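Just below is one structure, and these are the notes that go with it.
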There are 2 protein chains.
Amino acid sequence: MTLITTNTGMTMKTRDKILLSSLELFNDKGERNITTNHIAAHLAISPGNLYYHFRNKSDIIYEIFQEYEKLVDYYLDIPEDRPITLEDMTFYLESVFDGLWSYRFFHRDLEYLLDSDPRLRQDYREFTNRCLAAINRIFAKLADAGIIQPQPEDLRSAMSLNVWLVITNWMAFLKTAHAAEEPASLSLTELKQGIYQVLTLEVPYLTPEYRERVLALREKYRPTLPEAQGVSGVEA
Amino acid sequence: MTLITTNTGMTMKTRDKILLSSLELFNDKGERNITTNHIAAHLAISPGNLYYHFRNKSDIIYEIFQEYEKLVDYYLDIPEDRPITLEDMTFYLESVFDGLWSYRFFHRDLEYLLDSDPRLRQDYREFTNRCLAAINRIFAKLADAGIIQPQPEDLRSAMSLNVWLVITNWMAFLKTAHAAEEPASLSLTELKQGIYQVLTLEVPYLTPEYRERVLALREKYRPTLPEAQGVSGVEA
DNA sequence: GACTGCCTAGAGTATATACTCTAATAATAG
DNA sequence: CTATTATTAGAGTATATACTCTAGGCAGTC
């Protein structure tokens, strides 16, 4: 068994190296552009070796998805026993966008991936529902905490869905809004402007007591330069 | 020159047949799953014939995009000389979602398409900016008409961007929210629930005079059954 | 009827993709 | 040490994909 040493001093099995490299390559070049042969070549292992560990490409993707799922589920574990704070909300937003970044290839080719793997389709559906439920619960607890005004259930559900749509589509928007290929330019700063967009959804519902604090928080994520955005300086 | 007869009694050149069939196949099966050979076979013409009319697959896609662009630009032509009405807004929303439906393959593989064709990337970027500007202008005129409360420019921009994100991601959400492959199940009704989501964004900004009318309009697009949605009946 | 310009068929091709198969090498258990 | 199991290399393959090339048909024109 070949082991490599990571920067943490831990050793890693070939199987894990495949998962790690696949994720890295998928994120960088897009799942569509990365074949199993590419992955093997990148790791300097043989195709046969790769196929010893995974039956096919779908299985690799499925396992990466399960990691992603686990990560998000872990972060979106809303406490039942105590009220929610602004710091909690910030943490949720930051975590979700970090996860989105780490597994950004996934949403890019989502429809194709779901079409090719029924397991994934089923799991992703349930994953979406859990996320929507979590967002819903966060809204409910934000209202309990007096941060936003309480809203009827159906409005809250529709709002949650909008939050989900903004979050999952933000990365794609950034990528398509860029003029050329500047991989490094998709920075953390730009990513976090997604938080600005999400908080924009909350603005009209803020209570007078918290309004200024949330607006100040939102301000921290405001797009700084008009260059990359393409929204601000737009002409008819 | 081979001509076919359409249901309008008009004749169509091979070139146009290729564009039409490509769009149909892309929408049905996804661009990724449709090769130039598939398109030729579907039309019962030879690959050589197809390549006589188009240099490559990218050129076909690029021309389809230009049709899409033209259509949306046509519908999003905001009148300068008169105030906007609720009927106008409904028309804009219906038109945009109809366009989204007719060219739905496009947003599905957007990132890959833009990566493969610099022309398309550039044009799409400008298209996005025009759409965002149009949404922005609609909001401004809705405020002028006393339908929504006026908002500062930066909030309006952020709201416009959120509207854009919801609109462009709605179809993808529907597709991924479905359990199995039921092509016919993606009905007009479900599509138009996207309008419900967009109007949800406007709800908190409605003026008292128009509030009830817009809420009633929104109600017409509300998801009727909880089955396909996956949002309503969600449990923690 | 011959010439010309558009259009079409259909065989063919270079490359890529996902994956298989066999044999050999390490690791581990007894 | 030996038997077994786990891992790996690397050549190979069936199929697909995007596209090319040559030959020819068909319509109009003189």
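Below, chains carry the letters A, B, ... as their sequence lines are ordered, and counting in each starts from 1. Computed from a prediction, not measured in an experiment: that's the story for all the values here. When reading the values below, keep in mind they use all heavy atoms of this one structure, side chains included, and skip hydrogens, waters and symmetry mates.
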Arg32(A) to Tyr112(A), cation-pi by 6.0 Å centre distance and 45° axis angle: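 So Arg32(A) doesn't make the cation-pi contact.
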Close side-chain approach of Trp170(A) to Leu161(B), heavy-atom, < 4.5 Å: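 Side-chain contact under 4.5 Å: yes.
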Arg119(B) and Asp59(B): CA distance, side-chain angles, deciding distance, salt bridge (charged side-chain N to carboxylate O under 4.0 Å, His left out) verdict: CA-CA 10 Å; Arg119(B) 289 173 308 178; Asp59(B) 277 9; 3.0 Å; yes
Rounded distance (Å) that lies between atom P of dC7(C) and atom CZ of Arg15(B):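 Spelled out: CZ on Arg15(B) to P on dC7(C) is 10 Å.
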Interatomic distance, Ile18(A) CD1 vs dA9(D) P [rounded to whole Å]: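 Interatomic distance, CD1 of Ile18(A) to P of dA9(D): 10 Å.
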Exercise: do Glu126(B) and Gln122(B) side chains pair donor with acceptor under 3.5 Å: yes
Any donor-acceptor N or O pair under 3.5 Å, side chains Thr14(A), Asn49(A):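 No, Asn49(A) and Thr14(A) have no side-chain donor paired with an acceptor closer than 3.5 Å.
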ring-ring contact (aromatic ring centres under 6.0 Å, His included) involving Phe91(B) - partner list, sequence neighbours excluded: Tyr75(B)
Test ring-ring contact (aromatic ring centres under 6.0 Å, His included) applied to Phe139(B) - qualifying residues, sequence neighbours left out: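 Result, ring-ring contact (aromatic ring centres under 6.0 Å, His included) vs Phe139(B): none returned.
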Tyr221(A) and Phe97(A): CA distance, side-chain angles, deciding distance, ring-ring contact (aromatic ring centres under 6.0 Å, His included) verdict: CA-CA 12 Å; Tyr221(A) 297 105; Phe97(A) 276 93; 8.7 Å; no
Salt bridge Arg137(A)-Asp77(A), side-chain N to carboxylate O under 4.0 Å: no
Arg15(A) with Glu63(A): basic N within carboxylate O range, under 4.0 Å: yes
Working for side chain to side chain donor-acceptor pair (under 3.5 Å), residues Tyr51(A) and Thr36(A): CA-CA 9 Å; Tyr51(A) 278 91; Thr36(A) 48; 3.0 Å; yes
Neighbours of DNA chain C within residues 28-45 of chain B, by heavy-atom distance under 4.0 Å: Ala44(B), Ile45(B)
DNA chain C contacts made by residues 49-60 of chain A, counting heavy atoms under 4.0 Å: Tyr51(A), Asn56(A), Lys57(A)
N or O in side chain of Ser46(A) less than 4.0 angstrom from dA9(D) OP1/OP2: yes
Expected rows: protein N/O vs nucleotides 22-25 of chain C N/O, under 3.5 Å:
none

Parallel, tilted or perpendicular: rings of Phe106(B) and Tyr124(B) (30°, 60°): tilted
Bending between helix ends of the helix from dG1(C)-dC30(D) to dG30(C)-dC1(D) [5 pairs per end, 10° resolution]: 10°
Contact summary for Met159(A) and Thr200(B), nearest pair of heavy atoms: N-CG2, 4.1 Å
